[in-house]
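Here is the structure we will look at.
Residue indices begin at 1 and follow the sequence shown.
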Amino acid sequence: MKLPLLVGHLLFSAAALAQTVPADSAAKTLNPLTVYGFADAYYGYDFTGNSPQRPGFLYAHNRANEFALNNGVLGLRYNDNRARGAFALHTGTYVEANYANEPPVLRHVYEAYAGFRPLPNTWLDLGIFPSHIGFESALSKDNWTLSRSLMAENSPYYEAGARLTWEASPRWTVTGLVLNGWQNLRDNNRGKALGTQLQWKPTDQLTLNSSTFFGNEQPQDSSRRRRFFHNFYLSYAATSRLSAAAVFDVGTQQAPSRKADTWHAGALLLRYQLADKWAVAGRAEYYAARHGVVIFSSRPRATDANARIAGASLNLDYAPNRRVLCRVEGRALQAQNRIFADDRSRPTHTYGNVTSSIALSL
């Protein structure tokens with residue numbers, strides 16, 4: 001079934017359910033069910049290079065010098081505090097770039113999971129859901145900056161598996177996961193990966209998060225290369241207008257007959273609410289990877305060059321109402337090696353772009 005027909009069938013089924021439920025039970029039955037949607041249309045202009053495709057390690061808003069849809073999502077969510085689930089489809093250039101290695105039948109699934117409470121304050125979910133790693137979401141409206149950081153682009157956006165969440169208190173949440181792998185909807189080696197997440201909110205203004213991943217991310221016919229990864233972030237609302245966040249990643253992956261490949265990355269973000277409808281945000285970041293592991297290749301060779309990239313971005317946001325967000329962002333990246341291309345297709349150290357976006361939320 002084609003995507004538009006499937007989306008239409010999804011919404012028609014929800015509407016039909018609303019019409020067939022008796023009036024006296026409608027409130028109890030339908031209140032937990034919600035329809036949600038998101039569309040992020042953008043135009044990106046690159047100052048360097050002539051390619052319509054931005055650097056290969058950028059997956060969101062990755063087209064240059066053209067109008068495009070980054071991500072369009074439409075789905076249903078259900079939660080009655082005893083059972084919950086979600087099913088949503090998506091499309092756009094983000095899906096085209098980030099799901100290229102997934103089976104075609106699964107590429108347009110944004111999330112699809114079912115869960116229940118096996119114990120008080122505990123959820124067990126099974127299916128496809130957003131990643132437990134990182135400060136940034138796949139939906140740009142939820143992020144302080146329009147583009148995602150290098151570290152977020154090169155860590156999982158999504159995952160498939162089982163998730164057990166314990167809401168220990170209003171300020172502590174503990175999650176354990178068994179996954180198909182590092183952003184794999186379909187298992188590529190018959191082995192499972194493990195993940196954890198610990199989130200602490202000591203005050204209403206401060207959030208601290210620790211997320212981990214451990215697993216072998218190589219195909220079944222390749223040598224095992226176990227990967228361990230840790231993400232940490234904290235966000236702090238200093239005032240009603242000013243917020244700050246710090247994010248740090250570190251990872252290591254086994255390499256055959258040599259020292260393990262390691263990488264680390266960091267970002268600092270500031271966001272200031274200028275007025276009710278206006279805000280600005282900035283980010284400084286870096287990414288360093290031995291032999292370009294993860295960012296350039298999941299199986300780097302000993303002769304591959306190291307990756308060292310630094311960058312900064314600045315964006316202006318305008319929200320005319322609660323459902324619309326208009327943004328424009330300038331971004332610059334500087335690499336130790338000549339990994340970018342200039343207007344004459346010659347290798348260069350620098351890269352810059354401007355991206356504008358209008359996002360609608362339902």
Side-chain angles (χ1 to χ4, degrees), residues 10 32-34 36 73 75-90 95 98-99 101-139 142 152 154-170 172-201 209-220 224-233 249 251 253 294 298:
L10 179 71
L33 184 64
T34 57
Y36 74 98
V73 183
L76 299 171
R77 287 197 179 113
Y78 180 88
N79 190 335
D80 66 6
N81 205 36
R82 298 183 304 275
R84 69 180 183 182
F87 178 73
L89 302 175
H90 64 167
V95 179
N98 210 34
Y99 289 71
N101 294 326
E102 301 292 355
V105 71
L106 296 176
R107 290 175 187 170
H108 291 288
V109 178
Y110 173 69
E111 62 178 347
Y113 67 88
F116 73 103
R117 286 196 185 274
L119 296 168
N121 303 320
T122 304
W123 286 104
L124 176 61
D125 302 307
L126 188 67
I128 298 169
F129 29 78
S131 173
H132 71 289
I133 292 170
F135 180 65
E136 298 165 76
S137 164
L139 305 184
D142 297 329
N154 294 280
S155 58
Y157 274 92
Y158 58 87
E159 51 203 13
R163 175 178 65 186
L164 183 66
T165 304
W166 176 39
E167 300 159 343
S169 74
W172 284 94
T173 303
V174 183
T175 304
L177 305 100
V178 180
L179 304 168
N180 284 343
W182 177 275
Q183 191 165 275
N184 292 335
L185 293 183
R186 179 168 289 173
D187 198 332
N188 67 340
N189 57 20
R190 317 313 301 165
K192 297 297 175 282
L194 301 176
T196 65
Q197 183 177 19
L198 178 64
Q199 191 167 98
W200 179 38
K201 298 181 179 181
N209 185 94
S210 170
S211 298
T212 66
F213 174 93
F214 176 76
N216 172 36
E217 287 311 295
Q218 304 306 312
Q220 197 167 2
R224 180 180 298 174
R225 301 191 187 196
R226 291 190 179 91
R227 180 180 299 175
F228 175 78
F229 174 83
H230 180 256
N231 162 263
F232 171 81
Y233 71 79
D249 286 356
Q253 179 176 279
V294 177
S298 62

- prompt: Going by atom types alone, do Asp80 and Tyr78 pair a side-chain donor with an acceptor below 3.5 Å?
  reply: yes

task: Find the distance between CG (Leu124) and CG (Leu164) and round it off to the nearest 0.5 Å.
output: 6.0 Å

query: Less than 4.5 Å apart, any side-chain heavy atom of Pro130 and any of Tyr110?
result: yes

- request: Check the pair Gln197 / Asn209 against side-chain hydrogen bond (donor to acceptor under 3.5 Å, both in side chains), numbers first and verdict last.
  value: CA-CA 7 Å; Gln197 183 177 19; Asn209 185 94; 2.8 Å; yes

field: Derivation and outcome, side-chain hydrogen bond (donor to acceptor under 3.5 Å, both in side chains), residues Asn184 and Glu217
entry: CA-CA 9 Å; Asn184 292 335; Glu217 287 311 295; 3.3 Å; yes

query: With side chains defined as the heavy atoms from C-beta onward, is the minimum distance between Thr122 and Arg117 less than 4.5 Å?
result: no

- prompt: When you look at NZ of Lys192, are more than 12 heavy atoms from neighbouring residues, nucleotides or ligands closer to it than 6.0 Å?
  reply: yes

task: Side-chain contact test, heavy atoms from C-beta onward, threshold under 4.5 Å: evaluate it for Arg77 versus Tyr36 and give yes or no.
output: yes

- request: State, with a plain yes or no, whether a side-chain heavy atom of Trp182 is found less than 4.5 Å away from one of Phe213.
  value: yes

message: Contact between Glu167 and Trp123 at the side-chain level, heavy atoms closer than 4.5 Å - yes or no?
response: yes

- line: What one should report as the nearest heavy-atom pair of Ala112 and Phe87 is CB-CD1, 3.7 Å

task: Please examine the side chains of Asn98 and Gln183, heavy atoms only from C-beta on, and report whether any two atoms are closer than 4.5 Å.
output: yes

message: According to ring-ring contact (aromatic ring centres under 6.0 Å, His included), who are the partners of Tyr157, at least two apart in sequence or on a separate chain?
response: Tyr94

query: Between atom CG of Asn121 and atom CG of Leu119, what is the distance when rounded to the nearest 0.5 Å?
result: 9.5 Å

message: Whether the side chain of Gln253 engages the backbone of Ser298 through a donor-acceptor N/O pair (distance < 3.5 Å, no angle test) should be reported.
response: yes

query: Minimum heavy-atom separation for Pro118 to Phe116, with atom names?
result: CD-O, 3.1 Å

message: In this structure, is the centre-to-centre distance between the rings of Tyr99 and Tyr158 below 6.0 Å?
response: yes

message: For the residue pair Arg227 and Phe214, would you count it as a cation-pi contact if the rule is NZ or CZ under 6.0 angstrom from the ring centre and within 45 degrees of the ring axis?
response: no

- prompt: Would a 4.5 Å heavy-atom cut-off, applied to side chains only, mark Glu111 and His90 as touching?
  reply: no

- request: Step by step, work out the side-chain contact (heavy atoms from CB on, under 4.5 Å) result for Leu185 and Asn180.
  value: CA-CA 7 Å; Leu185 293 183; Asn180 284 343; 5.9 Å; no

- prompt: To the nearest 0.5 Å, how far apart are OG in Ser210 and NE2 in His230?
  reply: 2.5 Å

- prompt: Just by modelled atom types, is the Glu102 backbone N or O under 3.5 Å from a matching donor or acceptor in the Arg107 side chain?
  reply: yes

message: Quick one, Asn216 and Asn189 - any side-chain contact, counting heavy atoms below 4.5 Å?
response: yes

task: Please name the pair of heavy atoms, one in Ala193 and one in Gly181, separated by the smallest distance, quoted to 0.1 Å.
output: CB-CA, 4.1 Å

field: Heavy-atom pair with the smallest gap, counting every atom of Leu139 and Val73
entry: CD2-CG2, 4.0 Å

- prompt: How would you list, by chain and number, every residue that makes a side chain to side chain contact (heavy atoms under 4.5 Å, CB included) with Ala162, sequence neighbours excluded?
  reply: Leu126

query: Can you tell me how far CD of Glu159 sits from CG of Leu179, rounded to the nearest 0.5 angstrom?
result: 5.0 Å

Value rounded to 0.5 Å, distance of OG1 in Thr212 from CZ in Phe228: 5.5 Å

message: Would Phe135 and Tyr233 count as a ring pair (Phe, Tyr, Trp, His ring centres under 6.0 Å) here? Give the steps.
response: CA-CA 7 Å; Phe135 180 65; Tyr233 71 79; 5.1 Å; yes

task: Decide whether Thr175 and His132 meet the rule of one side-chain donor and one side-chain acceptor closer than 3.5 Å.
output: no

query: What is the distance from atom OG1 of Thr173 to atom CH2 of Trp166, rounded to the nearest 0.5 Å?
result: 10.0 Å

